[in-house]
Amino acid sequence: MSEENLYTFENEEYRRTYWHTCSHVLAQAMKRLHPQVKLAIGPSIDNGFYYDFDTPEPFTEGQLAELEAEMRKICKEKLKLERFELPRAEAVAFMEEKGEPFKVELINDLPEDAVISFYKQGEFTDLCAGPHLDSTGRIKGNAIKLTACNAAYWRGDSSRETLQRIYGVAFPKKDELDEYLAKIEEAKKRDHRRLGKELGLFMLRDEGPGFPFFLPKGMTLKNTLLDYWRKVHKKYGYVEISTPIMLNRQLWERSGHWDHYKNNMYTTVIDEVDFAVKPMNCPGGMLVYDSEPHSYRDLPLRVGEIGLVHRHELSGALHGLFRVRCFNQDDAHVFMTREQMQDVIQETVRLFDEVYSTFGLSYTIELSTMPEDHIGTVEEWERNQDILKAAITDMGKEFVVNEGDGAFYGPKLDFHLADSLGRTWQCGTIQLDSQLPERFELEYTGEDGQKHRPVMIHRVVLGSIERFIGVITEHFAGAFPAWLAPVQVKLLPVTDRAAEYAEKISAQLDGQGFRVEVDGRNEKIGKKIREATLEKIPFMLVVGDRDMENGTVSVRRRSGEDLGAMSLDQFAALLGDEVKEMTIK
RNA sequence: GCUGCUGUGGCUCAGUCGGUAGAGCAGCUGAUUCGUAAUCAGCAGGUCGCCGGUUCAAAUCCGGCCAGCAGCUCCA
């Protein structure tokens, strides 16, 4: 590859370097306009760059324009970026001299043998490992856009200083910037909060922040999803239970939740005894397992539960259906012997693959390891982490490690799905747990006639039904495939004369198990089509005098495709085929 | 929870310098019966998120609270 080619924007390394240099230009512009501002950090990210500043006054979006203008000027100045290194003591002195306490802290925290490098452009110098472009002139000034300014904690620690983070993107050409910004606008139209309102799926009210209401159409979607879930799980050998929503304190102390999860739990007192609304289904599941003796022949025992859990999340974390305070987990606990662990994990991943592929969703996997607040020994944790790692590595799956982010009772594999703006949300998770079986003294009788302790996994595929509905709403932009669509067919009589005929057809389709509505309003056909299209109903059946005469329906897809007139049987077969696309293989 | 911003009829939004609110869609009534993305007319609907303050007068200014949005933190 020639050097010329390397300098295209499709090259990720170059892109990151470009954005990283942009962040330095941003910092330089900030320093020029507001010399009293302190510098924190300014990296490139997946879709642009940011820089964190400690400003005496909170920064507002209105101030971004003048920063952009200054950045353009810096680009025009074509300042050379020069790298130099300093020994630790001199580096600290240099940044102290400049009055940059955050940089001093960064330098002090660098490892003993670290090379401490700086990049200088004109009057501006920043602590930085690089790499960078060789000149600010390489950046196209009028294709820089500062997109947002928000708060962020210094080093991501909520007990430290609140900084002002300014986000930006930049491209080598103005057209590319415009295209990118248009794409973002387009993506916002897919926002599930907006579509949820437009399509009548769900609502949120001040009376219950974070507690979603499901409207009739959303409920149909949810139930359809659950029907599918039950079919898949039956195929994989699961049974289903339901455990109480509230259980007493003693149980939560035994499970460890009272000590490790209480901040997030809703509690109450009943007859002078503390109770907690369940934030997780596992303790109830333990009691079910423990309710009768088990043989090794029963294992692995796969016990599913669509469990309604409540968690008191921070108000600022709430986000449509993606992050709520009460949700249905499509939970399951699988009890097994140690020898069965790898097989069970792999079987579970195969189930995940089947489910996600049904929706055309792709995912990324994270392995989350032991958090500071945990139960169980380090050896146990490491052993379990290794098992998870081995299981997916063996399947040829890639994953990234999320250090210290495991549940308090065990390490986990998290499956992340992306929303319309590319933000990822954890949906599926497989959590290995050898703590709860211990705490609840679970047993099974082995081939040797002796009692043994089973191990277990907690796992959810959809994650939360609510979040998953949010994800697929954005994924399909509200145009759900026919098998999922709350309304699959809408009958549109052309005039009153066809009203009765439409009702008859509707009743027949309904009898065949399809979800049908009739638009019997006294409106023109064009308007009915427009509205059914906006409702994203997969099929519209226009029926008028002609159809009544010929015993046909005129079929139109929401895409606008006109399939012409056909008999009801023909249409039912067509619809039946489309719905079968998700049939369990 | 933290920082910033926002909050007007069911929905989307307008409301100039403080002078007690307006449109379109939806709804209702009537006319129209019209074959592939909006038929016409009329009517009705709001203590301008809540509480308090300033003022002769507050949707507009100030304070507190609530909720939402963006991000951080946290997480399914």
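Every chain is numbered from 1 and lettered A, B, ... according to where its sequence line falls, protein lines coming before strand lines.
In this structure, Arg497(A) reaches the rC34(B) phosphate: one of its side-chain N or O atoms is under 4.0 Å from OP1 or OP2. Using a 4.0 Å cut-off, no side-chain N or O of Thr429(A) falls inside it from OP1 or OP2 of rA76(B). Considering only side-chain N and O atoms, Gln426(A) lies under 4.0 angstrom from the phosphate OP1 or OP2 of rA76(B). Phosphate contact (OP1/OP2 of rA67(B), side-chain N/O of Arg205(A), threshold under 4.0 Å): absent. For the OP1/OP2 pair of rU36(B) and a distance below 4.0 Å, the side-chain nitrogens and oxygens of Lys490(A) include no atom meeting the criterion.
When the P atom of rC2(B) is taken as reference, atom CG of Asp157(A) falls 16 Å away, rounded to whole Å.
In this structure, Arg467(A) is not positioned above the aromatic face of Phe322(A) in the sense of NZ or CZ being under 6.0 Å from the six-membered ring centre and within 45° of the axis. Both tests do not hold together for Lys536(A) against Phe480(A): distance to the six-membered ring centre under 6.0 Å, angle to the ring axis within 45°.
The base of rG71(B) does not come close enough to the side chain of Tyr50(A) for any donor and acceptor atom to sit less than 3.5 Å apart. You'll find a donor-acceptor pair under 3.5 Å spanning the side chain of Ser554(A) and the base of rG35(B), going by distance alone. Evaluation of atom-type donor-acceptor distances gives no pair under 3.5 Å for the side chain of Arg165(A) against the base of rC72(B). For rU33(B), the base has a donor-acceptor partner in the side chain of Asp496(A) [N/O atoms by modelled type, under 3.5 angstrom].
With the nearest nucleotide of RNA chain B identified for both Glu523(A) and Arg311(A), Glu523(A) has the one nearer the 5' end.
A donor-acceptor pair is defined here as one N or O able to donate and one able to accept, closer than 3.5 Å; no such pair exists between the side chain of Trp425(A) and the backbone of Gly470(A).
An aromatic stacking contact links Phe327(A) with the base of rA76(B), defined here by ring centres under 5.5 Å apart and ring planes under 30° from parallel.
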Verdict with reasoning, His260(A) to Tyr409(A), per ring pair (Phe, Tyr, Trp, His ring centres under 6.0 Å)
CA-CA 9 Å; His260(A) 297 272; Tyr409(A) 46 75; 9.8 Å; no
